[in-house]
Trainee: 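Can you read through this structure? Questions will come right after.
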Amino acid sequence: QVQLVESGGGLVQAGGSLRLSCAASGRTFSSYPVGWFRHAPGKEREFVAAISWSGGKQYYADSVKGRFTISRDNAKNTAYLQMDSLKPEDTAVYCCGSKGRGSKFLTLEAFYENEYDYWGQGTQVTVSS
(Lines give C-alpha, C1' and ligand atoms only; values in the text may rest on other atoms or scores of the structure.)
Protein backbone atom coordinates (compact mmCIF):
# COMPACT_ATOMS: atom_id res chain seq x y z
CA GLN A 1 0.00 0.00 0.00
CA VAL A 2 1.28 3.49 -0.91
CA GLN A 3 -0.05 6.79 0.38
CA LEU A 4 0.73 9.98 -1.51
CA VAL A 5 0.58 13.55 -0.22
CA GLU A 6 1.04 16.53 -2.52
CA SER A 7 2.19 19.96 -1.38
CA GLY A 8 3.59 23.17 -2.76
CA GLY A 9 0.58 24.59 -4.52
CA GLY A 10 -0.59 28.17 -4.17
CA LEU A 11 -1.35 31.43 -5.89
CA VAL A 12 1.25 32.84 -8.27
CA GLN A 13 1.33 35.49 -10.96
CA ALA A 14 1.73 34.57 -14.60
CA GLY A 15 5.39 34.02 -15.40
CA GLY A 16 6.13 32.83 -11.89
CA SER A 17 7.25 29.45 -10.58
CA LEU A 18 6.12 26.80 -8.14
CA ARG A 19 7.60 23.49 -7.04
CA LEU A 20 5.18 20.73 -6.18
CA SER A 21 6.14 17.75 -4.04
CA CYS A 22 4.62 14.29 -3.88
CA ALA A 23 5.67 12.54 -0.66
CA ALA A 24 5.06 8.81 -0.46
CA SER A 25 4.86 6.20 2.22
CA GLY A 26 5.24 2.55 1.25
CA ARG A 27 7.96 0.30 -0.06
CA THR A 28 7.03 0.18 -3.73
CA PHE A 29 7.15 3.90 -4.55
CA SER A 30 10.82 3.92 -5.51
CA SER A 31 10.40 0.91 -7.81
CA TYR A 32 7.75 2.27 -10.16
CA PRO A 33 6.99 5.24 -12.40
CA VAL A 34 5.25 8.31 -11.02
CA GLY A 35 2.95 10.64 -12.92
CA TRP A 36 1.51 14.10 -12.41
CA PHE A 37 -1.97 14.95 -13.68
CA ARG A 38 -4.10 18.08 -13.37
CA HIS A 39 -7.79 18.74 -13.23
CA ALA A 40 -9.20 22.16 -14.08
CA PRO A 41 -12.85 23.15 -13.52
CA GLY A 42 -15.04 22.06 -16.42
CA LYS A 43 -12.28 19.96 -17.96
CA GLU A 44 -11.24 16.34 -17.79
CA ARG A 45 -8.17 15.34 -15.82
CA GLU A 46 -5.15 15.55 -18.09
CA PHE A 47 -1.65 14.15 -18.10
CA VAL A 48 1.17 16.55 -17.22
CA ALA A 49 4.37 14.54 -16.78
CA ALA A 50 5.74 11.14 -15.80
CA ILE A 51 9.09 9.78 -14.68
CA SER A 52 10.64 6.34 -14.61
CA TRP A 53 11.57 4.59 -11.38
CA SER A 54 15.22 5.62 -11.77
CA GLY A 55 14.48 9.17 -12.86
CA GLY A 56 16.34 8.67 -16.10
CA LYS A 57 13.35 8.89 -18.43
CA GLN A 58 10.57 11.48 -18.51
CA TYR A 59 7.48 12.21 -20.55
CA TYR A 60 5.73 15.57 -20.78
CA ALA A 61 2.48 16.86 -22.20
CA ASP A 62 3.07 19.20 -25.12
CA SER A 63 1.39 22.02 -23.20
CA VAL A 64 4.06 22.01 -20.47
CA LYS A 65 7.15 20.85 -22.36
CA GLY A 66 10.03 23.24 -21.83
CA ARG A 67 8.36 24.89 -18.81
CA PHE A 68 7.86 22.01 -16.33
CA THR A 69 10.43 19.54 -15.02
CA ILE A 70 9.61 16.29 -13.25
CA SER A 71 12.16 14.69 -10.94
CA ARG A 72 12.34 12.30 -8.01
CA ASP A 73 14.48 11.51 -5.00
CA ASN A 74 13.98 7.84 -4.12
CA ALA A 75 16.01 8.18 -0.93
CA LYS A 76 13.34 10.61 0.26
CA ASN A 77 10.44 8.74 -1.34
CA THR A 78 9.43 11.99 -3.02
CA ALA A 79 8.69 13.15 -6.55
CA TYR A 80 8.69 16.78 -7.67
CA LEU A 81 7.21 18.96 -10.36
CA GLN A 82 9.08 22.21 -11.00
CA MET A 83 6.78 24.59 -12.83
CA ASP A 84 8.26 27.68 -14.46
CA SER A 85 6.81 30.36 -16.75
CA LEU A 86 3.37 29.59 -15.40
CA LYS A 87 0.32 30.64 -17.39
CA PRO A 88 -3.29 31.22 -16.26
CA GLU A 89 -4.28 28.09 -18.20
CA ASP A 90 -2.08 26.05 -15.84
CA THR A 91 -4.59 26.72 -13.05
CA ALA A 92 -5.84 23.35 -11.76
CA VAL A 93 -5.65 20.83 -8.96
CA TYR A 94 -2.44 18.85 -9.45
CA CYS A 95 -2.32 15.21 -8.35
CA CYS A 96 0.45 12.64 -8.37
CA GLY A 97 -0.07 8.98 -9.11
CA SER A 98 2.12 5.97 -8.50
CA LYS A 99 2.12 2.50 -9.94
CA GLY A 100 2.27 -0.42 -7.52
CA ARG A 101 2.16 -3.47 -9.76
CA GLY A 102 2.89 -4.73 -13.24
CA SER A 103 5.69 -3.41 -15.41
CA LYS A 104 8.23 -1.23 -13.66
CA PHE A 105 9.24 0.46 -16.88
CA LEU A 106 7.98 3.84 -18.06
CA THR A 107 5.92 3.33 -21.21
CA LEU A 108 3.46 5.39 -23.20
CA GLU A 109 0.74 3.95 -20.95
CA ALA A 110 1.96 6.53 -18.41
CA PHE A 111 -0.11 9.12 -20.28
CA TYR A 112 -3.29 7.44 -19.01
CA GLU A 113 -4.59 7.76 -15.46
CA ASN A 114 -5.74 4.13 -15.26
CA GLU A 115 -2.07 3.13 -15.38
CA TYR A 116 -1.66 4.27 -11.77
CA ASP A 117 -2.74 2.41 -8.66
CA TYR A 118 -2.35 5.08 -5.99
CA TRP A 119 -3.30 8.76 -5.93
CA GLY A 120 -2.88 11.72 -3.65
CA GLN A 121 -5.59 14.24 -2.79
CA GLY A 122 -4.06 16.97 -4.90
CA THR A 123 -2.81 20.51 -4.40
CA GLN A 124 -4.38 23.65 -5.89
CA VAL A 125 -2.35 25.80 -8.26
CA THR A 126 -3.81 29.16 -9.26
CA VAL A 127 -2.06 31.40 -11.76
CA SER A 128 -3.31 34.97 -12.01
CA SER A 129 -2.94 37.08 -15.13
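Bear in mind the structure is a predicted one, so any value in this text is a computation, not a measurement.
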Trainee: Please identify each residue that fulfils side-chain hydrogen bond (donor to acceptor under 3.5 Å, both in side chains) with R27, with sequence neighbours left out.
Mentor: none
Trainee: Starting from Y59, walk the hydrophobic network (Ile, Leu, Val, Met, Phe, Trp, Tyr; side-chain heavy atoms closer than 4.5 Å) and list everyone else you reach, by chain and number.
Mentor: F37, F47, L106, L108, F111, Y112, Y116, W119
Trainee: Is the positively charged end of R67 above the ring of Y60, judged by distance under 6.0 angstrom from the centroid and angle within 45° of the axis?
Mentor: no
Trainee: Go through the structure and list residues passing side chain to side chain contact (heavy atoms under 4.5 Å, CB included) with V12, not counting sequence neighbours.
Mentor: L18, L86, V127
Trainee: With sequence neighbours left out, write down each residue that passes side-chain hydrogen bond (donor to acceptor under 3.5 Å, both in side chains) with S31, or none if nothing qualifies.
Mentor: none
Trainee: Does anything in residues 120-129 form a side chain to side chain donor-acceptor pair (under 3.5 Å)? List the pairs, not counting sequence neighbours.
Mentor: Q124-T126
Trainee: Indicate every side-chain donor-acceptor pair of residues 76-83 with a distance under 3.5 Å to a residue at least two apart or in another chain.
Mentor:
unit_1	atom_1	unit_2	atom_2	d
N77	ND2	A24	O	3.3
N77	ND2	G26	O	3.3
T78	OG1	K76	O	2.8
Q82	NE2	D84	OD1	2.9

Trainee: For the OH atom of Y94 and the OG atom of S7, what is their distance to the nearest 0.5 Å?
Mentor: 15.0 Å
Trainee: Please report the interatomic distance CD(E113) to CD(E44), rounded to the nearest 0.5 Å.
Mentor: 8.5 Å
Trainee: What pairs with E6 under side-chain hydrogen bond (donor to acceptor under 3.5 Å, both in side chains), at least two apart in sequence or on another chain?
Mentor: none
Trainee: Within a strict 4.5 Å, meaning less than it, do heavy atoms of the L20 and V125 side chains meet?
Mentor: yes
Trainee: May I have the step-by-step check of side chain to side chain contact (heavy atoms under 4.5 Å, CB included) for F68 and D90, ending in yes or no?
Mentor: CA-CA 11 Å; F68 291 10; D90 294 319; 3.9 Å; yes
Trainee: For residues 52-63, which residue pairs qualify under salt bridge (charged side-chain N to carboxylate O under 4.0 Å, His left out), counting only residues two or more places apart or in two chains?
Mentor: D62-K65
Trainee: For L11, what are the other residues in its hydrophobic cluster, where any two members join if their side-chain heavy atoms are less than 4.5 angstrom apart?
Mentor: none
Trainee: Name all pairs fulfilling the side chain to side chain donor-acceptor pair (under 3.5 Å) condition that reach into residues 97-110, sequence neighbours left out, sorted by first residue then second.
Mentor: K99-E115, R101-D117
Trainee: Determine, step by step, whether F29 and V34 satisfy the side chain to side chain contact (heavy atoms under 4.5 Å, CB included) criterion, reporting the C-alpha distance in whole Å, the side-chain angles of both residues, the deciding distance to 0.1 Å, and the verdict.
Mentor: CA-CA 8 Å; F29 179 81; V34 171; 3.5 Å; yes
Trainee: Quick one: disulfide (SG to SG under 2.5 Å) pairs with a partner in residues 67-129, sequence neighbours left out?
Mentor: C22-C96
Trainee: Testing the basics here: between A110 and A50, what is the closest heavy-atom pair and its distance to 0.1 Å?
Mentor: CB-CB, 3.8 Å
Trainee: Partners of E46 by side-chain hydrogen bond (donor to acceptor under 3.5 Å, both in side chains), sequence neighbours excluded?
Mentor: R38
